[in-house]
Amino acid sequence: GAGVSQSPSNKVTEKGKDVELRCDPISGHTALYWYRQSLGQGLEFLIYFQGNSAPDKSGLPSDRFSAERTGGSVSTLTIQRTQQEDSAVYLCASSPRAGGREGEQFFGPGTRLTVL
Amino acid sequence: AQSVTQPDIHITVSEGASLELRCNYSYGATPYLFWYVQSPGQGLQLLLKYFSGDTLVQGIKGFEAEFKRSQSSFNLRKPSVHWSDAAEYFCAARGGTYKYIFGTGTRLKVLA
């Protein structure tokens, strides 16, 4: 079956512009995560969605970052007024359920964002 | 604070040699533990996971990991490395909830 897909695969933007990154999770997966991977760093948790529950936004680095998940499926991560330090790979992962032994994450290929 | 540490940023081994990648965790209780591999331009793929029970866990691609509670470690091993194993490897931990903590990764280079 289809895995997690992300688009675009690469995005180059100018400082100050807004960008939208898209994630299509595996069908039926109720949990969805966004991570940021900066050069030489591990994965930094950004936001977590679980079904219709309120998302955990505790990892968003500033109010320029926001995310939504429509209909419990597709998710969009939006970065407003991009800065050069936003340059990173943004990874999305989905999971059949949150927590427990079945909480395995399946990752998409990521979107590489470059802010000039 | 909860953390996962991978002390080696880069490791180079010759093809056919054995491999051990180190991972230490700091958690209030024993977390679930994971190893992922990331090939260039790809997302992360799960190699193996530890929940409880047998402390030696077998994974895909010939990898295994050993959980040692006394050392708070979960080291990844492979008896004989193949050139295709060159990638970045991430150790991760999760408590009883949904939030994962990842190490900073170890980049493996394999010499022919």
Side-chain angles (χ1 to χ4, degrees), chain A residues 2-10 21 23-26 29-51 53-60 88-112, chain B residues 1-11 21-27 29-54 57 59-60 74 87-108:
Chain A
V4 178
S5 61
Q6 293 186 245
S7 60
S9 55
N10 282 283
L21 312 180
C23 172
D24 281 273
I26 294 172
H29 281 194
T30 61
L32 187 147
Y33 302 75
W34 282 100
Y35 294 93
R36 180 167 68 176
Q37 185 180 20
S38 303
L39 192 63
Q41 302 296 313
L43 274 69
E44 176 189 5
F45 168 79
L46 296 178
I47 189 169
Y48 164 80
F49 295 92
Q50 169 58 41
S53 302
D56 176 355
K57 304 179 181 180
S58 61
L60 295 178
V89 175
Y90 290 82
L91 290 167
C92 174
S94 70
S95 177
R97 52 161 286 184
R101 292 171 177 258
E102 292 75 40
E104 177 181 339
Q105 295 181 105
F106 295 81
F107 282 84
T111 294
R112 181 176 297 278
Chain B
Q2 298 169 337
S3 65
V4 174
T5 302
Q6 294 180 248
D8 304 306
I9 298 174
H10 297 278
I11 282 188
L21 303 182
R22 295 183 291 165
C23 173
N24 293 94
Y25 64 89
S26 174
Y27 259 77
T30 300
Y32 300 145
L33 295 162
F34 307 82
W35 275 99
Y36 291 86
V37 60
Q38 185 179 34
S39 299
Q42 303 296 314
L44 276 69
Q45 180 184 19
L46 181 68
L47 285 174
L48 48 77
K49 57 192 175 187
Y50 172 78
F51 289 143
S52 64
D54 193 347
V57 180
I60 63 171
F74 188 56
E88 189 153 22
Y89 292 80
F90 291 92
C91 182
R94 173 166 63 83
T97 63
Y98 55 84
K99 193 168 284 187
Y100 287 74
I101 294 177
F102 285 81
T104 52
T106 297
R107 186 170 297 276
L108 175 65

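Being a predicted model, the structure only gives us computed values, none of them experimental. Proteins come first, then strands; the chains are lettered A, B, ... in the order of their sequence lines, and each starts at number 1.
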Against chain B, label [X] side chain, backbone, both or neither, depending on which of its atoms sit under 4.5 Å from a heavy atom there.
X       : value
A/Leu91 : side chain
A/Ser58 : side chain
A/Tyr35 : side chain
A/Glu44 : neither

For residues 39-47 of chain B, which side-chain donor-acceptor pairs fall under 3.5 Å, sequence neighbours excluded?
unit_1	atom_1	unit_2	atom_2	d
B/Gln45	OE1	B/Lys61	NZ	3.2

Parallel, tilted or perpendicular: ring planes of B/Tyr100 versus A/Tyr33, cut at 30 and 60 degrees = perpendicular

Crowding at CD1, B/Ile60 (>12 non-hydrogen neighbours, <6.0 Å) | yes

Any A/Gln50 side-chain heavy atom under 4.5 Å of B/Tyr98 side chain = no

Would you give the length of the straight line joining atom CZ of A/Phe107 to atom OH of B/Tyr36, rounded to the nearest 0.5 angstrom?
-> 5.0 Å

Could I get the full list of salt bridge (Lys or Arg N to Asp or Glu O under 4.0 Å) partners for A/Arg112, not counting sequence neighbours?
-> none

